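Fair warning: this is a prediction, and the values are worked out from it, not measured in the lab.
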Amino acid sequence: MKKFVLSRDDLNPSDYSIEYEELLNEAQYSAVMHDRGPVLLVAGAGTGKTRTLVYRVARLVESGVDPSQILLLTFTRRSAHEMLRRASQILDERCQRVEGGTFHHYCSKLLHLNAESIGYPENFTIIDASDAMDAIHLVRSRMDIPKEQKRFPKKLTLYSIISSSINKQRSIRQTIEDEYPQFISHLEKIDELNSKYQDYKELNYVMDFDDLLVKTRDLLLNNDEIRTQVASKNRHVLVDEYQDTNALQAELTRLLSSYHKNVMAVGDDAQSIYSFRGADHKNMMRFPELFENTKIIKLEENYRSTQRILDVANRVLEEAQEKFDKKLYTNNEQGDLPGLVKAANMNDQSRFLTQMILNLREQGSELSDIAVLFRNGRDSFDLEVMLNKKDIPYIKYGGQKFTEAAHVKDVLAHLRVLLNPKDAISWNRILLLIDGIGPKTAEDLFSWAHQNGNPFRPENAPNISERYLTQLKALGDLFSKLKQLKGSVPEQLQAVVDYYSVFCKKRFDDHPKRMKDLETFVDISGTYRSLETMVEEIALDPIEATAIETEASQKDESPLILSTIHSAKGLEWRTVFLIQCLDGILPSGYALDDEDQLDEEVRLLYVAVTRAKEQLFITYPALFQSRYGDYFSNPSRFIDELSDELIEPWLLVEDNEASQQSQIEDKKDRLEN
DNA sequence: TCTTACCCAGTTTTT
DNA sequence: CTGGGTAAGA
């Protein structure tokens, strides 16, 4: 028996209601009981990192720390909620009062509270990446960019350059030199555009995602009083998924914990998969440099997976050029050999999946114990069609979001100008819908609205052409109605949807589906406390596209999970299928000529594999079907060399009778449609 | 001068 | 399926 000397806390260990020592292993226990000062918790996949955080929250609350003085920063809002829910379960409801969310959420909250100090009004609007790109587009069109021989970067590229320079804390020049050398000749213009873009946002009281971090950093850095006030409130700061934080977030972590210096960063450098967002897994190893007297605790025993799954995971990690000094081990059972399934084509792959899933369900598995993972959002389209056909309920994480679809953004824009009349991006969007109004007229109308009184009566503007006068009146009427309906989000939303339906029909061929989406949106909008919270939460935490459909159909069975690997971070399922494991997809074709990026793709595969508890299947089609034609494809270079002892090859064979049957069904389906 | 219709190209991952 | 570019039409 090892002895562990506890430093005295507010509460004597023997007085705790939870038996931490029995419920945790030694390393977990020491993390949970850690008293003061910075800690770096290096936790491999499935080693109980979440469990440790949950118990630490409970332990802190139980020992008398005011829950509102604990800050739990996580990668998604979902995971913060889940952790606090679990902490509440093992202790009590007090844990729900812990301050939790993403860096962006927390920063947003601080900025709203201290808006005055940064020269913003309290009602500033948060714009998402696509709004930001619209703004950049607008700014660019106002500059005169000479039509040189060389192409000027597109708005997407410009946004990436600007965002990357911020998240990696480098100059625009450095960013272009490192990542976009082809645009170095445009450096001056890009610099100018960037500063105009920054001005534009301040002028219109909007902030993009990066501003939330930058402006909070600046607020805390430049304002001693506020920093002391904020940091002294954060008695304990816990940061999850630290391997995916960037330089800016590391600095924020330091500032936020600068008073009490009780900070615990938790992560696994082998699972760092967000470098495209400026994250640097080396951040983790730099933590002890940034925080003096850091205690390092390692969690090494895996409780999640069978040994055979871990064998594959360990082998995968060897593919990386940069070695990790870790090998996952477990005392769990050996388990079944993972399967490597080669399907003839994508359709067969989907058939295999649906049939396996139905089999598992028959054997008593919950659908929600099964996950299908993939590299890109679109890799599941074929499967989704088949799941729909077979009536298997699923929810998909990652890929296109519901609230990012054009029709939803259109509707939201009408509500956003209500909250922030200076939001030029939304005005632009609204006005461009109207027949006869293009970019120029929209801009003129907006600048009129800014200088003169009431932007909500756009028909009063001068020089209005007959072509769109009545339409502008209708818009004005909509705003009056919205103001009357103040306080009821669903009614306001319904009014916009009614107004918008005519535009929807004109703009989209698939308007019936889109209108149905919008009606569902109206239905669920009652869950938001106010228009302000709805608009803000949707920007920071967009609704998943399938969440709305699942809500609509109200299936009583908990759904199957489809997810991009990125969105599957931190989660686990009994059975995991990784589909489309092809060279050019995983690793992505974009990563092939860069060693660092290839390493990240290895880590991505590693994350996917380590999500599985009991069963793992990696599948790929031999024939890749694209719009330009079909061609034979190779399995991912990372799995191609795995030996049969590690992963068992599966062969799909047709049951002739059954295949005839399914052909008949296919025919029936076609006749019915 | 401004709008719109049409065509073509390219499509990672997310707060 | 969407963005961007072009050319014709108002």
Side-chain angles (χ1 to χ4, degrees), chain A residues 73-80 101-108 126-134 137 140-141 147 151-157 159-160 163 166-167 207-213 241 244-246 248-249 272-279 373-379 381 397-401 404-407 409 431-432 434-444 463 465-468 506-510 514 536-542 544 563-569 580 584-592 597 600-601 603-605 607-608 626-628:
Chain A
L73 293 171
T74 55
F75 203 71
T76 64
R77 215 160 195 210
R78 196 152 48 108
S79 72
T102 61
F103 273 96
H104 291 84
H105 275 113
Y106 182 69
C107 289
S108 161
I126 296 168
I127 57 173
D128 65 18
S130 76
D131 295 330
M133 286 185 262
D134 286 349
H137 183 74
R140 185 182 53 179
S141 65
K147 289 207 169 172
R151 245 188 66 252
F152 196 72
K154 297 194 181 127
K155 63 179 183 182
L156 177 87
T157 317
Y159 177 71
S160 311
S163 183
I166 290 167
N167 282 294
M207 288 195 202
D208 63 20
F209 290 143
D210 300 328
D211 288 329
L212 293 175
L213 305 184
E241 309 284 6
D244 284 320
T245 58
N246 57 42
L248 195 49
Q249 288 165 322
S272 167
I273 55 178
Y274 277 87
S275 70
F276 66 91
R277 223 172 81 181
L373 306 183
F374 31 86
R375 175 65 173 84
N376 309 315
R378 71 174 110 85
D379 293 333
F381 287 168
Y397 294 101
Q400 171 95 38
K401 299 285 195 294
E404 281 165 0
H407 56 302
K409 296 211 74 167
L431 293 170
L432 283 176
I434 293 171
D435 270 344
I437 297 184
K440 183 72 173 84
T441 316
E443 172 112 51
D444 291 346
N463 307 325
S465 148
E466 280 300 320
R467 280 198 303 164
Y468 42 81
K506 231 181 323 186
R507 226 148 84 83
F508 303 107
D509 290 343
D510 59 345
R514 291 183 192 248
E536 174 140 346
E537 290 197 11
I538 282 173
L540 289 175
D541 205 5
E544 301 286 344
S563 176
T564 57
I565 301 172
H566 284 90
S567 294
K569 203 162 74 138
Q580 290 291 95
I585 291 189
L586 182 61
S588 157
Y590 296 91
L592 296 182
Q597 288 189 54
E600 178 142 318
E601 301 287 317
R603 296 194 294 268
L604 206 47
L605 176 59
V607 169
S626 81
R627 279 191 310 140
Y628 307 107

Query raised in the report: Do we see a donor-acceptor contact under 3.5 Å between the side chains of A:S108 and A:H105?
Result: no

Residue set satisfying side chain to side chain contact (heavy atoms under 4.5 Å, CB included) with A:E443, at least two apart, ordered chain then number -> A:R142

**Prompt:** Just checking, any donor-acceptor pair under 3.5 angstrom between side chains of A:D134 and A:S130?
**Reply:** no

Sorted by chain and number, sequence neighbours left out, side chain to side chain contact (heavy atoms under 4.5 Å, CB included) with A:A406 holds for A:R429, A:R507, A:F508, A:R514

Q: Determine yes or no for a side-chain-to-main-chain donor-acceptor pair under 3.5 angstrom, with A:D541 supplying the side chain and A:E537 the backbone.
A: no

Does A:Y468 have a side-chain nitrogen or oxygen under 4.0 Å from the phosphate oxygens OP1 or OP2 of B:dT3? no

How are the rings of A:H566 and A:Y274 set to each other: parallel, tilted or perpendicular (split at 30° and 60°)?
perpendicular

The side chain to side chain donor-acceptor pair (under 3.5 Å) partners of A:E601 (sequence neighbours excluded) come to A:R375

For nucleotides 13-15 of chain B, give me every protein contact, N/O to N/O, under 3.5 Å, one pair per line with atom names.
residue : atom : partner : partner atom : Å
B:dT13  : OP1  : A:G377  : N            : 2.9
B:dT13  : O4'  : A:R375  : NH1          : 3.3
B:dT13  : O2   : A:R375  : NH2          : 3.4
B:dT13  : O2   : A:H566  : NE2          : 3.4
B:dT14  : OP1  : A:T564  : OG1          : 3.1
B:dT14  : OP1  : A:S567  : OG           : 3.0
B:dT15  : O4'  : A:R277  : NH1          : 3.1
B:dT15  : O3'  : A:T102  : OG1          : 3.3
B:dT15  : O3'  : A:H104  : ND1          : 3.4
B:dT15  : O2   : A:H104  : NE2          : 3.2

Shorter than 3.5 Å, N or O on both sides, protein versus nucleotides 4-8 of chain B: list them out with atom names.
residue : atom : partner : partner atom : Å
B:dT4   : OP1  : A:G436  : N            : 2.6

Judged by nearest nucleotide, the residue sitting upstream toward the 5' end of DNA chain B, A:Y590 or A:D444, is A:D444

The side chain to side chain donor-acceptor pair (under 3.5 Å) partners of A:S567 (sequence neighbours excluded) come to A:T564

